[in-house]
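Worth knowing before you read on, the calculation uses all heavy atoms, side chains too, and leaves out hydrogens, waters and symmetry mates. Here the structure is a predicted model, which is why all the values come from computation and not from measurement. The chains referred to below are lettered A, B, ... by the order of the sequence lines, with proteins before strands, and numbering in each begins at 1.
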Amino acid sequence: MQIDMMIKTLIETALKQAQLDTWPDIEIEVPNDTTNGDYATNIAMKLARVLRRAPLAIAESLVANMPDNPAFKHIEVARPGFINFYVDKRIYRDVIGEVLQAGADFGASTIGADRRVNIEFVSANPTGSLHIGHARGAAAGDALARIMQKAGFNVTREYYVNDGGNQINQLVRSIDVRYRQALGETITMPEDGYHGPEIIVLAKQLVADHGDRFLHEDGGEQFRQFGVNHLLAALRADLETFRVHFDVWFSEATLYENKTVEATIEQLKASGHTYEEEGALWLKTSHYGDEKDRVIVKSDGSYTYLLPDIAYHADKLSRGFEQLIDILGSDHHGYVPRLKAAIQMVGGGENALEVELLQMVKVLQNGEELKMSKRSGKAITLRDLIDEVGVDPIRYFFAMRSLNTHMELDLDLALKESNENPVFYAQYAHARIASILRNAAEKSLKPNLNRRQFETLQSDKALELLAVLVDYPLTVELAASKRLPHKITQYIQRLAQAFHTFYASETVISEDAEATEERLVMLHAVKTVMQNALELVGVEAKERM
RNA sequence: GUUCCGGUAGCUCAGUAGGAUAGAGCAACAGCCUCCUAAGCUGUAGGUCAAGGGUUCGAAUCCCUUCCGGAACGCCA
């Protein structure tokens, strides 16, 4: 049931009646004031410019030319030239059958056209624990992946493991320092080492397993493997707990092992995108919109970070992905133009890479900003957050904000578990419905879920609740195509509110058998949609609270 | 100095095709449990959309300038 399409058809019919053959895009909007109808269009005002006639007059004649349609109670013209449509909300009752028929697939669409999309997110270095910024990335990336999947994209979630570069050497040094400290040496961690407590744990384990062996022989390779494996395993475990599952864990080191990096250099050289200067190899990224050219091979022969990253993105393209999406922290925004430029040099289109930037999370505790410090290793980890707050509130909270908004996380508030936390509102709605359905079952009421006639659903509250259900598929499409996961949490709030309002205004299980059954069937549909929507942001739909 | 992001109700945030009287949640205030879960419902109050200028029938939205906050500007990653 696509009411906006019906309206479009009505308008087009009227335009043709008026002997017009071209017209501007027809916009259908939902007025924020319901006294201006359920839907409205500004087409008459847009035409006013072209036709040089008063918008009101144009609107009048369009309405006069529209064929009768029972879905609308009333179509009116309003100043300064809007056409307002008042829907006969009884047609919304059809959505119940659609939901129950589709079940978990209600809201699914094909606008993604099975396009192969690679979403890379988190990609934290295996040099410590995941902190709160990664948590935002994980929640946002996974929600986007779920939403796009639902909208018909063929999505792969990918994690790029930086196990090949300098930071791994730094990790080995840090483990070495902690190892020596564990064995009683007085040695201080360098400024740029990894100061997190997890490194100390690793070092103690190494001492337990190998004693002081590596004081006498080089432990570098042992430290590297042990460190990366354990830290990566911990990252993966934390993410799984957070209900984020990656399809691909891509190792940077394999880019060197498979000579992909060398091949990328050769390709860039052969295609004339490079030049040598001052002993370094430069890439002409400024030809593709970057503000200046960038070094990819330093004068000492080593590579900059950009080079393996180009090879990595080229690899993604070679695996057949039509759209690459990177979700990055906003501190990488300066890096985006050079990466986009480079991707075009290795065969990607201008829009092959799309970057979603996440702004920083500001953490408050006791009303004061909590500063993260790399030096002290003091940071709020994802694990701490999960243990103290729980997965549902964290995921919901991150999913509520648009990706590029600066956001604040008040730990005291998150810990409070009160109604200040909006996730409870939604979960409570779902649990309430579950409770009603349980009560009905106890009374041996078995609603016929194949019922398609709902004559008793007449009240404003019930019809309004159905109107929200009708909106769900469009909401998913919008969230997917515009990459706006927070549209889903907004929808969840709207659905929960419509339900709670309905619940407060009428009793579901009553003496009237027919009305009871119709309401129960409707609630099955509401529950299904609520569960579907919560699923898209990775939040559990609770049966009881 | 340059670039990017932000500035909207007391607080946290929506407003992503330029539309009508700028919204939600929380907090505040006033009500509502004999009744399927009160983590709920109903109502009230709350705004110079940072400031100024411009574009037009119409601007929180587009353009310019300024102010404030965050971030990035490396042959680091």
Taking atom [atom1] in both [N] and [M], what distance in whole Å separates the two?
N: B:rA17; M: B:rG6; atom1: P; answer: 16 Å
N: B:rC29; M: B:rC64; atom1: P; answer: 46 Å
N: B:rC33; M: B:rU42; atom1: C1'; answer: 14 Å
N: B:rC76; M: B:rU16; atom1: C1'; answer: 35 Å
N: B:rC75; M: B:rA71; atom1: C1'; answer: 23 Å
N: B:rG25; M: B:rG18; atom1: P; answer: 27 Å
N: B:rA27; M: B:rG46; atom1: C1'; answer: 11 Å
N: B:rA60; M: B:rA22; atom1: P; answer: 9 Å

- [ ] Measure distances between side-chain N and O atoms of A:Ser299 and base N and O atoms of B:rC75, and say whether any donor-acceptor pair falls under 3.5 Å.
- [x] yes
TODO: Kindly say whether, by distance alone, the side chain of A:Asn84 makes a donor-acceptor pair under 3.5 Å with the base of B:rA20?
DONE: yes
Task: Distance flag, aromatic centroids of A:Phe250 and A:Tyr159, threshold under 6.0 Å - done: no
Whole Å only: how far is the [atom1] atom of [X] from the [atom2] atom of [N]?
X: A:Ile26; N: B:rG19; atom1: CD1; atom2: P; result: 17 Å
X: A:Asp290; N: B:rC4; atom1: CG; atom2: P; result: 13 Å
X: A:Tyr160; N: B:rA77; atom1: OH; atom2: P; result: 11 Å
X: A:Arg432; N: B:rA39; atom1: CZ; atom2: C1'; result: 9 Å
X: A:Met400; N: B:rG23; atom1: CE; atom2: P; result: 19 Å
X: A:Gln359; N: B:rG6; atom1: CD; atom2: P; result: 7 Å
X: A:Ile43; N: B:rG19; atom1: CD1; atom2: C1'; result: 13 Å
X: A:Asp412; N: B:rC11; atom1: CG; atom2: C1'; result: 14 Å

Any donor-acceptor pair under 3.5 Å linking the side chain of [X] with the backbone of [Y]?
X: A:His524; Y: A:Leu520; answer: yes
X: A:Glu158; Y: A:Glu120; answer: no
X: A:Thr41; Y: A:Ile43; answer: yes
X: A:Gln359; Y: A:Ser330; answer: no
X: A:Ser299; Y: A:Gly279; answer: no
X: A:Asn125; Y: A:Thr127; answer: no

Within the 4.0 Å heavy-atom criterion, would you say [X] contacts the bases, only the backbone, or no part of the nucleic acid?
X: A:Leu484; result: base
X: A:Arg544; result: base
X: A:His500; result: sugar-phosphate
X: A:Asn42; result: base
X: A:Thr507; result: base
X: A:Ala40; result: base
X: A:Thr501; result: sugar-phosphate
X: A:Ala429; result: nothing
X: A:Glu252; result: nothing
X: A:Tyr425; result: sugar-phosphate
X: A:Thr405; result: sugar-phosphate

- [ ] Taking all heavy atoms of A:Gln427 and all of A:Glu540, pick out the closest pair and write down the distance.
- [x] NE2-O, 2.9 Å
Task: Which atom of A:Val468 lies closest to which atom of A:Arg494, heavy atoms considered - done: CG2-NH1, 4.1 Å
Just to confirm, is there a sub-4.0 Å distance from OP1 or OP2 of [N] to any side-chain nitrogen or oxygen of [X]?
X: A:Tyr305; N: B:rA77; result: no
X: A:Tyr303; N: B:rA77; result: no
X: A:Gln497; N: B:rG25; result: yes
X: A:Lys298; N: B:rA77; result: yes
X: A:Asn404; N: B:rG6; result: yes

Task: Atom CG of A:Asn404 with >12 non-hydrogen neighbours under 6.0 angstrom - done: yes
Open item on the list: Tell me which one of A:Lys340, A:His313, A:His332 satisfies side-chain hydrogen bond (donor to acceptor under 3.5 Å, both in side chains) with A:Asp326.
Closed with: A:His313
Task: Partners meeting side chain to side chain contact (heavy atoms under 4.5 Å, CB included) with A:Asp293 (sequence neighbours left out) - done: A:Tyr275, A:Trp282, A:Lys284, A:Thr285, A:Ser286
Task: RNA chain B contacts among residues 123-137 of chain A, heavy-atom distance under 4.0 Å - done: A:Asn125
TODO: Name the orientation class of the two ring planes belonging to A:Tyr303 and A:Tyr256 (parallel below 30°, tilted from 30 to 60°, perpendicular beyond 60°).
DONE: parallel
Task: Bracket string, RNA chain B, 5' to 3' - pairs by Watson-Crick or G-U geometry under 3.5 Å, | interstrand - done: (((((((..((((.....[...)))).(((((.......))))).....(((((..]....))))))))))))....
Open item on the list: Quick test of the criterion, 5.5 Å between centres and less than 30° between planes. Is A:Phe82 stacked on B:rA20 or not?
Closed with: yes
Task: For B:rC41, glycosidic torsion class - syn if within 90° of 0, otherwise anti - done: anti
TODO: Nearest-nucleotide wise, let me know which of A:Met45 and A:Lys461 is further upstream toward the 5' end of RNA chain B.
DONE: A:Met45
Task: 5' precedence on RNA chain B between A:Ile83 and A:His406 (nearest-nucleotide basis) - done: A:His406
